[in-house]
There are 2 protein chains.
Amino acid sequence: MTHIEGMETSTEDTDDSARRSIGARRNPASQEAILDAAEAVLKESGIGGFSIEAVARRARAGKPTIYRWWPNRTALMLDVYKRFKNTRTFPDTGALRSDLIALLENHLLGFWKDSLCGTVYRAIIAEAQNDRDAAASLYTYQVERKAVVLQMVTRAKARGEVDEAVDGTLLVDMVVSFAWHQLLLGRVAEAMDSIEAVVDGLLMGCAGYQRKE
Amino acid sequence: MTHIEGMETSTEDTDDSARRSIGARRNPASQEAILDAAEAVLKESGIGGFSIEAVARRARAGKPTIYRWWPNRTALMLDVYKRFKNTRTFPDTGALRSDLIALLENHLLGFWKDSLCGTVYRAIIAEAQNDRDAAASLYTYQVERKAVVLQMVTRAKARGEVDEAVDGTLLVDMVVSFAWHQLLLGRVAEAMDSIEAVVDGLLMGCAGYQRKE
DNA sequence: ATGTATCGAAACGAGCCGTTTCGTTCAAGT
DNA sequence: ACTTGAACGAAACGGCTCGTTTCGATACAT
């Protein structure tokens with residue numbers, strides 16, 4: 001994303017000379033250089049090589065500058081992630097089935113496959129298993145995002161497409177669960193082919209129980 | 001598990017005096033002490049505090065002894081996990097619905113909730129996001145376990161309970177996905193209440209599409 | 001003009017990494 | 001009976017990252 005194309009170390013050279021203080025205030029160029037560097041490090045080395053030191057070297061920034069604005073590396077990763085998540089619009093196709101398919105194709109699996117957003121998100125999930133603060137941040141983020149997705153079901157109910165008694169929370173949970181599982185097993189690309197089967201299985205049942213023939 | 005009850009440092013004192021070599025062969029007492037210590041460290045400090053040094057200190061063992069038998073800390077965590085996974089028998093209740101409910105209650109969510117197996121499994125999943133070898137080991141383990149669970153569907157087909165055309169792989173994937181998602185969000189205890197709704201939603205559809213009334 | 005908050009650079013002590021060395025204990029091979 | 005060799009615990013190695021502190025230079029804010 002942004003403008004990462006040069007294969008050399010030119011990515012972080014937003015300014016030719018070294019950045020300096022611009023006075024008693026935050027230097028936006030440094031913040032952007034740090035986020036760019038964090039993004040690049042995650043892209044190239046994954047979470048294993050993601051250290052504050054590595055980001056600082058890459059950004060030609062001082063470690064105290066990073067620690068001043070981000071309390072820990074999880075916060076930095078979350079900021080990198082948030083730079084991505086607004087680049088695609090949420091689907092409203094007029095039907096729940098195609099809404100969910102578009103959700104998986106554009107916002108979950110497809111998003112993770114195309115950008116390095118999947119790598120960042122994997123790193124955040126892994127970090128949340130270690131760090132209590134990261135877990136809380138991730139859970140809050142999940143609640144927010146699922147509430148937005150739940151509106152797909154609400155719209156379907158308003159259209160009379162599904163019954164009012166349907167548990168939309170469960171439906172959303174299952175879609176997201178599937179996407180997470182494939183992401184964490186490194187099967188995002190392969191899972192793209194199963195999207196329609198997953199959505200149909202969720203909407204109509206995987207086992208053919210009580211279906212009208 | 002085993003006999004962890006003493007709150008002091010008595011856990012690792014399987015022998016009063018220090019263990020020594022028993023000749024040119026593996027010392028089972030050391031292996032058990034190391035696995036006990038690894039288990040205890042994971043239980044008390046989580047994956048964040050899980051280092052080879054910490055395990056060696058806790059076990060009163062030398063680091064070379066650990067590195068001799070386990071190539072990395074992921075392998076050690078997997079061995080800790082494998083000491084648990086055979087303590088409960090796989091269900092065969094005679095019906096697919098109750099089989100899947102028992103699977104979630106006894107082998108996935110319930111298992112993770114009751115023992116520290118959930119903590120260990122979270123650590124392994126997190127490690128798999130960093131380490132390529134860990135990811136491969138985890139994926140292989142997943143394939144094996146899912147193949148065993150798939151036999152539930154195979155039995156149901158043999159009984160004529162579900163149609164031969166049903167995609168059992170998808171069904172198993174969805175059940176496991178749900179369990180993983182709740183585990184990784186730290187919601188295992190809360191998810192226990194949703195088990196029946198999840199299984200019914202998977203078998204008969206979450207959205208009430210094409211169901212006979 | 002002064003005060004102050006930022007910047008990058010460098011160095012700090014601490015902890016863990018994975019490895020090596022050392023002296024020991026003792027089964028296995030001769 | 002004797003030697004060989006592997007496994008054991010302990011200790012130390014160089015290397016890396018951690019999070020913090022110090023420093024001089026910079027330039028907005030008052």
Side-chain angles (χ1 to χ4, degrees), chain A residues 9 12-38 41-42 45-77 123 126-127 130-131 133-134, chain B residues 9 12-38 41-42 44-77 123 127 130-131 133-134:
Chain A
T9 57
E12 67 275 18
D13 295 354
T14 52
D15 298 12
D16 287 349
S17 60
R19 290 179 308 276
R20 298 297 173 88
S21 168
I22 59 172
R25 58 174 184 167
R26 185 195 305 200
N27 186 341
S30 288
Q31 309 307 312
E32 288 184 17
I34 289 167
L35 286 173
D36 285 343
V41 169
L42 271 173
S45 310
I47 186 181
F50 186 81
S51 66
I52 299 294
E53 299 234 351
V55 174
R57 275 197 304 269
R58 177 100 188 192
R60 303 197 185 201
K63 284 197 293 177
T65 305
I66 299 180
Y67 282 112
R68 193 189 323 276
W69 302 108
W70 291 276
N72 48 58
R73 69 178 200 160
T74 303
L76 180 55
M77 287 193 296
E127 191 79 2
N130 315 348
D131 183 65
D133 295 335
Chain B
T9 58
E12 65 275 15
D13 296 354
T14 52
D15 298 14
D16 287 349
S17 60
R19 290 180 308 277
R20 299 296 173 87
S21 170
I22 60 172
R25 57 175 184 166
R26 185 195 305 201
N27 186 342
S30 288
Q31 308 308 311
E32 289 183 15
I34 290 168
L35 286 173
D36 285 343
V41 169
L42 270 173
E44 295 176 3
S45 309
I47 186 180
F50 185 81
S51 67
I52 298 293
E53 298 235 351
V55 173
R57 274 197 304 270
R58 177 101 189 191
R60 303 198 185 200
K63 283 198 293 176
T65 304
I66 298 180
Y67 282 113
R68 192 189 326 275
W69 302 107
W70 291 276
N72 49 58
R73 68 178 201 162
T74 302
L76 180 54
M77 287 193 295
E127 191 79 3
N130 317 347
D131 183 64
D133 294 334

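We use all heavy atoms of the structure for the numbers below, so side chains are in, but hydrogens, waters and symmetry mates are not. In what follows, every chain begins at residue 1, and chains take the letters A, B, ... in the order their sequences are listed.
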(message) The side chain of Asn27(A) is closest to which nucleotide in this list: dA12(D), dA10(D), dC7(C)?
(response) dC7(C)

(message) As a test of reading the structure: which of dA12(D), dT17(D), dA9(C) is closest to the side chain of Lys63(B), going by heavy atoms?
(response) dA12(D)

Output the rounded distance in Å from [atom1] ([X]) to [atom2] ([N]).
{"X": "Ile52(B)", "N": "dG15(C)", "atom1": "CD1", "atom2": "P", "answer": "18 Å"}
{"X": "Asp131(B)", "N": "dC17(C)", "atom1": "CG", "atom2": "P", "answer": "14 Å"}
{"X": "Trp70(B)", "N": "dG18(C)", "atom1": "CH2", "atom2": "C1'", "answer": "16 Å"}
{"X": "Phe50(B)", "N": "dC16(C)", "atom1": "CZ", "atom2": "C1'", "answer": "13 Å"}
{"X": "Arg57(B)", "N": "dA11(D)", "atom1": "CZ", "atom2": "C1'", "answer": "14 Å"}
{"X": "Tyr67(A)", "N": "dT22(D)", "atom1": "OH", "atom2": "C1'", "answer": "17 Å"}
{"X": "Arg60(B)", "N": "dA10(D)", "atom1": "CZ", "atom2": "P", "answer": "8 Å"}
{"X": "Arg68(A)", "N": "dT22(D)", "atom1": "CZ", "atom2": "P", "answer": "14 Å"}

Heavy-atom distance under 4.5 Å between the side chains of [X] and [Y], does that happen here?
{"X": "Asn130(A)", "Y": "Thr74(A)", "answer": "no"}
{"X": "Trp70(B)", "Y": "Ile52(B)", "answer": "no"}
{"X": "Leu76(B)", "Y": "Trp69(B)", "answer": "no"}
{"X": "Ile22(B)", "Y": "Pro28(B)", "answer": "yes"}

(message) Treating primed atoms plus P, OP1 and OP2 as sugar-phosphate and everything else as base, which nucleotides of nucleotides 22-30 of chain C get B, S or - for protein heavy atoms under 4.0 Å?
(response) ---BBS---

(message) Would you compute the distance between atom CD of Glu127(A) and atom CG of Asn72(A) and round it to the nearest 0.5 angstrom?
(response) 7.5 Å

[N] phosphate, OP1 or OP2, under 4.0 Å from [X] side-chain N/O:
{"X": "Trp69(A)", "N": "dA5(C)", "result": "no"}
{"X": "Thr65(B)", "N": "dA7(D)", "result": "no"}
{"X": "Arg26(B)", "N": "dA6(D)", "result": "no"}
{"X": "Gln31(A)", "N": "dT6(C)", "result": "no"}
{"X": "Ser51(A)", "N": "dC16(D)", "result": "no"}

(message) Any carboxylate oxygen within less than 4.0 angstrom of a Lys/Arg side-chain nitrogen, looking at Arg58(B) and Glu44(B)?
(response) yes

(message) Taking the nucleotide of DNA chain C with the nearest heavy atom to each, does Glu53(B) or Ser30(A) sit closer to the 5' end?
(response) Ser30(A)

(request) Would you mind listing every side-chain hydrogen bond (donor to acceptor under 3.5 Å, both in side chains) that reaches into residues 20-31 of chain B, with sequence neighbours excluded? (result) Arg19(B)-Ser30(B)

